[in-house]
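See below for the structure under consideration.
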Amino acid sequence: MHSTDLEFDRDHIWHPYTSTTHPLPVYPVESASGVTLQLTDGRELIDGMSSWWCAIHGYNNARLNSAAHAQIEKMSHVMFGGITHQPAVDLVKKLLALSPPHLQKVFLADSGSVSVEVACKMAFQYQVNRDKPLRQKLLTLRGGYHGDTLGAMSVCDPVTGMHTLFNKVLPQHIFADKPSASFHSNADPQQLLALDAIFEQRHEEIAAVIIEPIVQGAGGMWFYSPDYLRHLRALCDQYGVLLIADEIATGFGRTGKMFACEHAGVDPDIVCLGKAITGGYMTLAATLTSDKVADGICAKGNVMMHGPTFMGNPLACAVACASIDELLANDWQRQVHNIENQLNQELAIYRQSPNVHDVRVLGAVGVVELVAPVDVAKLQSQFVDRGVWIRPFGKNVYLMPPYIIKPEQLSRLCDAISVAL
Ligand code: PMP
């Protein structure tokens, strides 16, 4: 890329969470293939991020490419109001086959945040329609993240989710403590009692609980006890509250299970999927729910009040079908298990560093949590110099590579983390 284009980018284009007056540097990528990003200056970087949980099969995958080409020759988009098409029908069949059997209705949205908005609206409409009009609040967890639209933001962690900035416009929901017990331990009994108390006192206000199952991602890359999730499910059942599982980051095998709820043996009432649904090719998301919830919403002649322009986009649905086929053909469980083993072995060394607070691994996610926040721009350039693409945030330097990564490539990523120390 010409240096004037980089200047143009700096002057005119907003990147995620950046200042226009003091933007962080950006690296121009020319192409990407397998697990490698190629910069315009010819340098090659091993991708440790899967483009934020998405590119589970790596880049430029033959099966996904051919699905995209084949579909674009037929139609890339057509409205979904009053029209249907094979890619949507095929995708929903595949999603239902992967999901718990009670999930039978699927809303195809256009991004993760929108699928969260849809899930919350489903819960509110359901409660109103069953004559519980006061149940218009959500219960969620501190340390959570569910997207950047206003509704989704209102259930993000109140501190890191910028609630102070948007205080006057965000709806006020109910927050329980971040689950303190880690993935391999039992939940803290005090925290379970605190949940009991919230439900006992406020259940008549609560439409649904919304959580990221097991892995709290952007809120801190924290893996919590399945016990906590099971307890939430039991309370939801007891008090007629819906459970929304935001599997946007965790879905499609990333944590070692197809969906993270499976770690706890919990079946949610509503599930949000996104990110890896298209293998990272383009934006698409889905909100799945049960007949019970869908029929409740649509009772008394009501309809689900949402219908985005790009709902069920055929191109995205066709690629999503190919991505699910690729996942199943690739023996993803073995791939993720091998990555997990290697991350456990090769990140363990960092536990000895005084700069490291914790090292944790779950499925194909490895996290080195430092004692202090990193200087992102500086560290990023050191990683690029070492030929890897790792994008830390806050105190967390983490890896979530494409499932197809080779052991020697993963070793390069694990080794590179030493520069952060
Ligand atoms: N929920 C979770 C758990 C996420 O990680 C994200 C994306 N980081 C979202 C929702 C929002 O998805 P999108 O960025 O596609 O709107």
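Excluded from the calculations below are hydrogen atoms, water molecules and symmetry mates; all remaining heavy atoms, backbone and side chain alike, are included.
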Q: Verify side chain to side chain contact (heavy atoms under 4.5 Å, CB included) between Phe223 and Val367, making sure each step is shown before the conclusion.
A: CA-CA 10 Å; Phe223 313 148; Val367 184; 3.8 Å; yes
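- The closest side-chain heavy-atom distance from Val356 to Arg351 is not below 4.5 Å.
- In this structure, the side chain of His102 engages the main chain of Pro268 through a donor-acceptor pair within 3.5 Å.
- Of all the heavy atoms in Ala208 and Val241, the pair that sits closest is CA-CG1, 3.6 Å.
- Put simply, the side chain of Trp222 gets close to the backbone of Pro179: a donor and an acceptor are under 3.5 Å apart.
- Comment: Arg135 engages Glu204 in a salt bridge, judged by a side-chain N to carboxylate O separation of less than 4.0 angstrom.
- Between the CG atom of Leu413 and the CG atom of Leu399 there is a distance of 5.5 Å, given to the nearest 0.5 Å.
- Put simply, the residue from Cys317, Pro87, Ser115, Pro308 that forms a side chain to side chain contact (heavy atoms under 4.5 Å, CB included) with Leu108 is Cys317.
- Between the side chains of His263 and Thr255, at least one donor-acceptor pair of N or O atoms lies under 3.5 Å.
- A donor-acceptor pair is defined here as one N or O able to donate and one able to accept, closer than 3.5 Å; no such pair exists between the side chain of Asn330 and the backbone of Trp332.
- For His173 (side chain) and Val155 (main-chain N/O), no donor-acceptor pair under 3.5 Å exists by modelled atom type.
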Q: List the steps, then state whether side chain to side chain contact (heavy atoms under 4.5 Å, CB included) holds for Met304 with Lys121.
A: CA-CA 8 Å; Met304 178 62 210; Lys121 285 169 76 172; 4.0 Å; yes
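- Note: Ser182 OG to Asp188 CG = 11.5 Å, rounded to the nearest 0.5 Å.
- No side-chain donor-acceptor contact under 3.5 Å links Tyr126 and Asp269.
- With hydrogens and angles left out, the side-chain atoms of Asn65 and Tyr281 include a donor and acceptor closer than 3.5 Å.
- Under 3.5 Å, the side chains of Ser411 and Gln342 contain a donor-acceptor pair of N or O atoms.
- Using a 4.5 Å heavy-atom cutoff, the side chains of Lys74 and Gln86 are not in contact.
- The shortest side-chain heavy-atom distance between Arg360 and Asn396 falls under the 4.5 Å cut-off.
- Between the side chains of Tyr17 and Asp148, at least one donor N or O sits under 3.5 Å from an acceptor N or O.
- Using a 4.5 Å heavy-atom threshold, the side chains of Val29 and Tyr59 count as separate.
- Between Asn61 and Glu326, the side chains place a donor N or O and an acceptor N or O closer than 3.5 Å (distance only, hydrogens not considered).
- The minimum heavy-atom distance between Val365 and Met221, with the atom names listed, is CG1-CE, 3.5 Å.
- In terms of heavy-atom proximity, Asn129 sits nearest to Gly296 at ND2-O, 2.7 Å.
- Note that CD of Gln125 and SG of Cys120 are 12.0 Å apart. Values are rounded to the nearest 0.5 Å.
- Among all heavy-atom pairs drawn from Ala176 and Tyr228, the shortest one is CB-OH, 4.0 Å.
- A side-chain donor-acceptor contact under 3.5 Å links Thr250 and Glu247.
- Under the 30°/60° scheme for interplanar angles, the aromatic rings of Phe107 and His306 are found to stand perpendicular.
- Using modelled atom types, no side-chain atom of Gln71 and backbone atom of Ser76 make a donor-acceptor pair closer than 3.5 Å.
- The pair Asp131-Lys300 counts as a salt bridge, with a side-chain nitrogen and a carboxylate oxygen less than 4.0 angstrom apart.
- When atom types are taken as modelled, the side chain of His231 and the backbone of Asp227 share no donor-acceptor pair closer than 3.5 angstrom.
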Q.
Using side chain to side chain contact (heavy atoms under 4.5 Å, CB included), reason through Leu327 and Tyr403 one step at a time and then give a plain yes or no.
A. CA-CA 9 Å; Leu327 186 66; Tyr403 302 167; 3.7 Å; yes
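- By the 4.5 Å heavy-atom criterion applied to side chains, Leu242 and Thr289 are not counted as neighbours.
- Shortest non-hydrogen contact noted between Gly240 and Gln127 is O-NE2, 3.3 Å.
- In this structure, Ile13 places its CD1 atom where more than 12 heavy-atom neighbours from other residues, nucleotides or ligands lie under 6.0 Å away.
- The number of heavy-atom neighbours closer than 6.0 Å to CE of Met75, taken from other residues, nucleotides and ligands shown, is above 12.
- Not one N or O on the side chain of Glu205 forms a donor-acceptor pair closer than 3.5 Å with the backbone of Gln136.
- Using cut-offs of 30° and 60° for the angle between ring planes, the His77 and Phe310 rings count as tilted.
- Within the 4.5 Å cutoff, no side-chain heavy atoms of Val35 are placed close to those of Pro401.
- For the residue pair Tyr145 and Thr160, no side-chain donor N or O sits within less than 3.5 Å of a side-chain acceptor on the partner.
- The distance from the CD1 atom of Ile46 to the CZ atom of Arg386 is 11.0 Å, given to the nearest 0.5 Å.
- Taking CG of Leu95 as the start and NZ of Lys93 as the end, the distance is 12.5 Å to the nearest 0.5 Å.
- Note on Asp237 versus Arg233: salt bridge recorded, some NZ/NE/NH1/NH2 to OD/OE distance being below 4.0 Å.
- Ser50 is not listed as a side-chain neighbour of Ile56, based on a closest heavy-atom distance of 4.5 Å or more.
- For Cys414 against Leu347, the heavy-atom pair with the smallest separation is SG-CD2, 4.0 Å.
- Atom-to-atom distance recorded for Ile248:CD1 and Leu273:CG is 8.0 Å, nearest 0.5 angstrom.
- A donor-acceptor distance shorter than 3.5 angstrom exists from the side chain of Thr278 to the backbone of Met282, with no hydrogens or angles considered.
- Look at Arg130 and Asp295 and you find no salt bridge, because none of the NZ, NE, NH1 or NH2 atoms lies under 4.0 Å from a carboxylate O.
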Q) Cys272 and Ile244: side chain to side chain contact (heavy atoms under 4.5 Å, CB included), yes or no, with the steps? A) CA-CA 8 Å; Cys272 299; Ile244 304 172; 4.3 Å; yes
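- Inter-residue side-chain proximity for Phe166 and Met153 is flagged as met; some heavy-atom pair is nearer than 4.5 Å.
- The pair Asp415-Arg412 fails the salt-bridge criterion, with no side-chain N (NZ, NE, NH1 or NH2) lying under 4.0 Å from an Asp/Glu carboxylate O.
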